[in-house]
Amino acid sequence: MLQKIANTIRSLTMDAVERAGSGHPGLPMGCAELGAYLFAKFLRYNPSDPEWLERDRLILSAGHGSLWLYSCLHLSGFPISIEDLKRFRQFGTKTPSHPDLTKTAGIEATTGADGQGVGFAVGQAVALKIQNLSSKVVVLAGDGCLMEGISSESCSLAGHLNLNNLILIYDSNKTTLDGYVNESFSENIRLRFEAQGWTVFELDGHDLTQIHNLLFPLRTNQEKPVLFIAHTQIGRGAPTKEGTPEAHGRPLGDKEVEKAKVSLGIPQEPFYVDPEIYSFLHRKVHSALEYSVRSLPNVRSIIQDIELPSFLATRWASHEILQVLAQHIPQMIVGSADLSSSDGTFLRNEGTVSRNSFTGRNIKYGVREFAMGCMAAGMAQTRLILPVIGTFLAFVDYLKSAIRMTCLMRLKVIYHLTHDSIFVGHDGPTHQPIEQISSLRAIPGLLVIRPADAYETKMAWIAAMEHPGATALILSRQPLPELPRHSSMEEVLRGAYIVQQEKTKQVDYLLIATGSEVHLALEVAQQLGPATRVVSMPSWELFEKQPQAYKTSLLQGKIKVSIEAAVDQGWHKYIGSDGIAIALSEFGECGSIADLKEHFGYTKEQIVKKIREKRMESEEDYFYL
């Protein structure tokens, strides 16, 4: 029966790819026995309750082989029908080209960017350990996944933490999209993983007896994370393309499919499934246990009541808020890429997660930003953990791909990104973020907030907790004074609000700034006179959600100026094409804050001069007309 299931996975895969006219038949056909065994004999799951808390989690890191997972889920009774398989890769389908947890029940992670599924799996395994659940996390990865550095980063930490609930199956089929693996990849995978603290087995990925003898004991006896190097033939069953790159990522063709079905003993009828398979697999339904996951509390009053010093770096204001929130949100787990003592991402009264204890609420990810980002996404995928992770803003490119995938999956992760501008000073241009804020604002679904003082930092945390997706908090290294406070909480949460009102009927100058530059804007306003309005805009995303009438009324002024110690990308949407963007067009320099302000034009004198020159040009143009 297991072999019949495996051959049916092959048949459904071939038919779906042929019907779609595109797709990847190679991996599903090569890993068919592994899929049959996992769903028939190993995994705990409940198709009638795909989010059953006690279930095992299966992640397909090599997401291009999605039909392997779709076929297994269909045969096992999950809500994927034959019609869904027929609509593989079509618009609005439950079976898109790569698994998508927002579209399909039974999918544990959205995958497709090679290697990230391995990081997600490590994160899920940590989350299950923290919640003291006995479930397993199984991840199927390909050559591409193990070539990508993310797999090495995350598996290194998995070995360090001795995650004995994690199983990685490596589909070693010796091919890639472009050719054969030996043309680009020759390291000893066994030695790599053994050096990282894993137990490693090798097996024939088509031998069901070997698969059973090695996998089944892990159900009750697993001491370390385990790697299975499964030697398989890509496109197994295709008579002329089996074992070749031609089976990887394109339809096999009608004649090849016909011959393959003959050799596999499958009827030529498209999408045929022997009814015995359904009855055999559907018996493997586990009863659902009653469970509840703590919902996040209403944090407005909690955060508002925190008293904070009036002169404080926003990184440390955020740190203090974290301490209070952690007392009310037990599922909040905090960690950093070896920077917690500097970026403020540690809980003072909580322990650290280690291989001997998962009761702590701080995770030391080491210098592994990408792995940290993927693991945070994996923890969030379980819906049991609210991850908060931190690093310097300049290093966010190391985890940007993980942030993108987190937003694609609509997961709730809070990124605590500090040292937010060139005004980190003496650390120099390698540590001075220039383009990072702009790049984060470009990610759909990511809420980006750069507060200007401790109070705005509190409002930023309220917004982050109320936002259903991911949030990037952009925080200063240097202490910032308290802004003059005439605004309500609701105004700040609109993303942009007036911090200094003009004292005239007409607004001559509109100054818009974020973060530490709001204080500079206030200094500039003193020089420009009473017809100047200063707006703090901590979040573009929150501001864009406001009614048009509010946005129009706020952004009044003959001459509009943005002030941000970053590139000007996007600012002309708010200041107009003829507005003045006080911004950076080059990398930073090493030096004191005072030196950098003077060099890059972030002094009140230099900004006032630019504005007055602009005013004179405008008046001359008007006179000429």
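The figures here come from the full heavy-atom set of this structure, side chains too, leaving out hydrogens, waters and symmetry mates. Residue indices begin at 1 and follow the sequence shown.
In this structure, Asn164 contributes its side chain and Gln222 its backbone to a donor-acceptor pair below 3.5 Å. No donor-acceptor distance shorter than 3.5 angstrom exists from the side chain of Arg236 to the backbone of Ala32, with no hydrogens or angles considered. A donor-acceptor distance shorter than 3.5 angstrom exists from the side chain of Asn165 to the backbone of Ala125, with no hydrogens or angles considered. The backbone N or O of Arg348 lies less than 3.5 Å from a partner atom in the side chain of Gln323, making a donor-acceptor pair. Lys364 places no side-chain N or O within donor-acceptor distance of the main-chain N or O of Ala337, the cut-off being under 3.5 Å. Under a 3.5 Å cut-off, the side chain of Glu202 and the backbone N or O of Ile229 do not form any donor-acceptor pair. Under the 3.5 Å distance criterion, the side-chain polar atoms of Asn162 are left unmatched by any main-chain donor or acceptor of Arg355. Between the side chain of Ser340 and the main chain of Ser336, no donor-acceptor pair closer than 3.5 Å is present. Although no hydrogens or angles enter the test, the distance criterion places a donor-acceptor pair under 3.5 Å between the side chain of Thr93 and the main chain of Thr95. Judged by distance alone, the side chain of Thr314 and the main-chain N or O of Thr457 form no donor-acceptor pair under 3.5 Å.
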As a quick check of understanding, evaluate side chain to side chain contact (heavy atoms under 4.5 Å, CB included) for Leu140 and Leu168, giving each step before the final call. CA-CA 6 Å; Leu140 177 64; Leu168 169 57; over 6 Å; no

Carefully, step by step, assess Leu157 and Met372 under the rule side chain to side chain contact (heavy atoms under 4.5 Å, CB included). CA-CA 10 Å; Leu157 190 52; Met372 175 177 70; over 6 Å; no

Show the numbers, then the answer: is there a side chain to side chain contact (heavy atoms under 4.5 Å, CB included) between Thr232 and Ile234? CA-CA 6 Å; Thr232 65; Ile234 193 168; 6.0 Å; no

Passes salt bridge (charged side-chain N to carboxylate O under 4.0 Å, His left out), Arg55 versus Glu108? Steps please. CA-CA 11 Å; Arg55 73 190 185 278; Glu108 300 288 353; 2.7 Å; yes

Side chain to side chain contact (heavy atoms under 4.5 Å, CB included) between Gln432 and Ser421: does it pass, once the steps are laid out? CA-CA 6 Å; Gln432 295 170 1; Ser421 73; over 6 Å; no

ring-ring contact (aromatic ring centres under 6.0 Å, His included) between His248 and His24, worked out: CA-CA 6 Å; His248 177 88; His24 297 77; 5.3 Å; yes

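Here the shortest heavy-atom pairing between Leu475 and Pro451 reads CD2-CG, 3.8 Å. Between Ala566 and Ala583, the closest heavy-atom pair is O-CB, 3.1 Å. The nearest pair of heavy atoms linking Cys407 to Pro444 is CB-O, 3.4 Å. Scanning all heavy atoms of the two residues, the minimum distance from Ser71 to Leu12 falls at OG-CB, 3.8 Å. In terms of heavy atoms, Thr176 sits closest to Pro245 at O-CB, 3.9 Å. Considering every non-hydrogen atom in both Trp198 and Gly159, the closest pair reads NE1-N, 3.7 Å.
Atom CZ of Arg410 sits in a sparse spot, with 12 or fewer heavy atoms from other residues, nucleotides or ligands closer than 6.0 Å. The number of heavy atoms from other shown groups lying within 6.0 Å of NZ (Lys136) is above 12. By the 6.0 Å contact criterion, CD on Glu223 is open, its count of non-hydrogen atoms from other residues, nucleotides or ligands being 12 or less. In Asn182, the CG atom is crowded: over 12 heavy atoms of neighbouring residues, nucleotides or ligands sit closer than 6.0 Å. Shown here is Tyr37, whose OH atom has more than 12 heavy atoms of other residues, nucleotides or ligands within 6.0 Å. The environment of CZ in Phe185 is crowded: more than 12 heavy-atom neighbours from other residues, nucleotides or ligands sit within 6.0 Å.
Checked by atom type, the side-chain pair Thr391/Tyr365 shows no donor-acceptor distance below 3.5 Å. Checked by atom type, the side-chain pair Thr352/Asn362 shows no donor-acceptor distance below 3.5 Å. Between Thr514 and Arg450, the side chains place a donor N or O and an acceptor N or O closer than 3.5 Å (distance only, hydrogens not considered). In this model, no donor atom of one side chain and acceptor atom of the other lie less than 3.5 Å apart for Asn356 and Ser354. Counting only N and O atoms by type, the side chains of Thr345 and Asp343 include a donor and acceptor under 3.5 Å apart.
Remark: Arg477 does not engage Asp420 in a salt bridge, criterion side-chain N to carboxylate O under 4.0 Å. The residues Arg190 and Glu194 are annotated as salt-bridged, a charged nitrogen and a carboxylate oxygen being separated by less than 4.0 angstrom. At a threshold of 4.0 Å, the pair Arg441-Glu541 does not count as salt-bridged, since none of the basic side-chain nitrogens sits closer than that to a carboxylate oxygen. Under the 4.0 Å criterion applied to side-chain N and carboxylate O atoms, Lys400 and Glu369 are not assigned as salt-bridge partners.
Summarising the geometry, atom OG belonging to Ser97 is positioned 10.5 Å from atom CD belonging to Gln90; distances are rounded to the nearest 0.5 Å. Distance check, rounded to the nearest 0.5 Å: CD1 of Ile474 to OG of Ser516 gives 12.0 Å. Put simply, OH on Tyr70 and CZ on Phe78 are 14.0 Å apart, with the number rounded to the nearest 0.5 Å. For the atom pair SG (Cys72) and CD1 (Ile9), the distance works out to 3.5 Å, reported to the nearest 0.5 Å. Between atom CG of residue Asp143 and atom CD of residue Glu148 there is a gap of 12.0 Å, rounded to the nearest 0.5 Å. In this structure, OG on Ser135 lies 4.5 Å from CZ on Arg44, to the nearest 0.5 angstrom.
Between His319 and Phe346, the gap from one ring centroid to the other is short of 6.0 Å. Ring centers of Phe201 and Phe228: under 6.0 Å apart, within the cut-off. Tyr45 has its ring centre less than 6.0 Å from the ring centre of Phe39.
Counting heavy atoms from C-beta outward, Leu384 and Leu53 have side chains that approach closer than 4.5 Å. Between Leu296 and Met465, the closest side-chain pair of non-hydrogen atoms falls below 4.5 Å. Side-chain contact check for Ile211 versus Leu34: some heavy-atom pair is nearer than 4.5 Å. The side-chain heavy atoms of Thr104 and Pro96, taken from C-beta on, include a pair separated by under 4.5 Å. The closest side-chain heavy-atom distance from Phe120 to Thr110 is not below 4.5 Å.
For Glu350, the salt bridge (charged side-chain N to carboxylate O under 4.0 Å, His left out) partners are Arg361, not counting sequence neighbours. Checked against side chain to side chain donor-acceptor pair (under 3.5 Å), Ser318 has the following partners two or more places apart in sequence or in another chain: His416, Trp461. By the side chain to side chain donor-acceptor pair (under 3.5 Å) test, Ser438 pairs with Gln569, sequence neighbours left out.
With respect to Ser156, the side chain to side chain donor-acceptor pair (under 3.5 Å) criterion is satisfied by exactly one of Arg368, Gln196, Arg192: Arg368.
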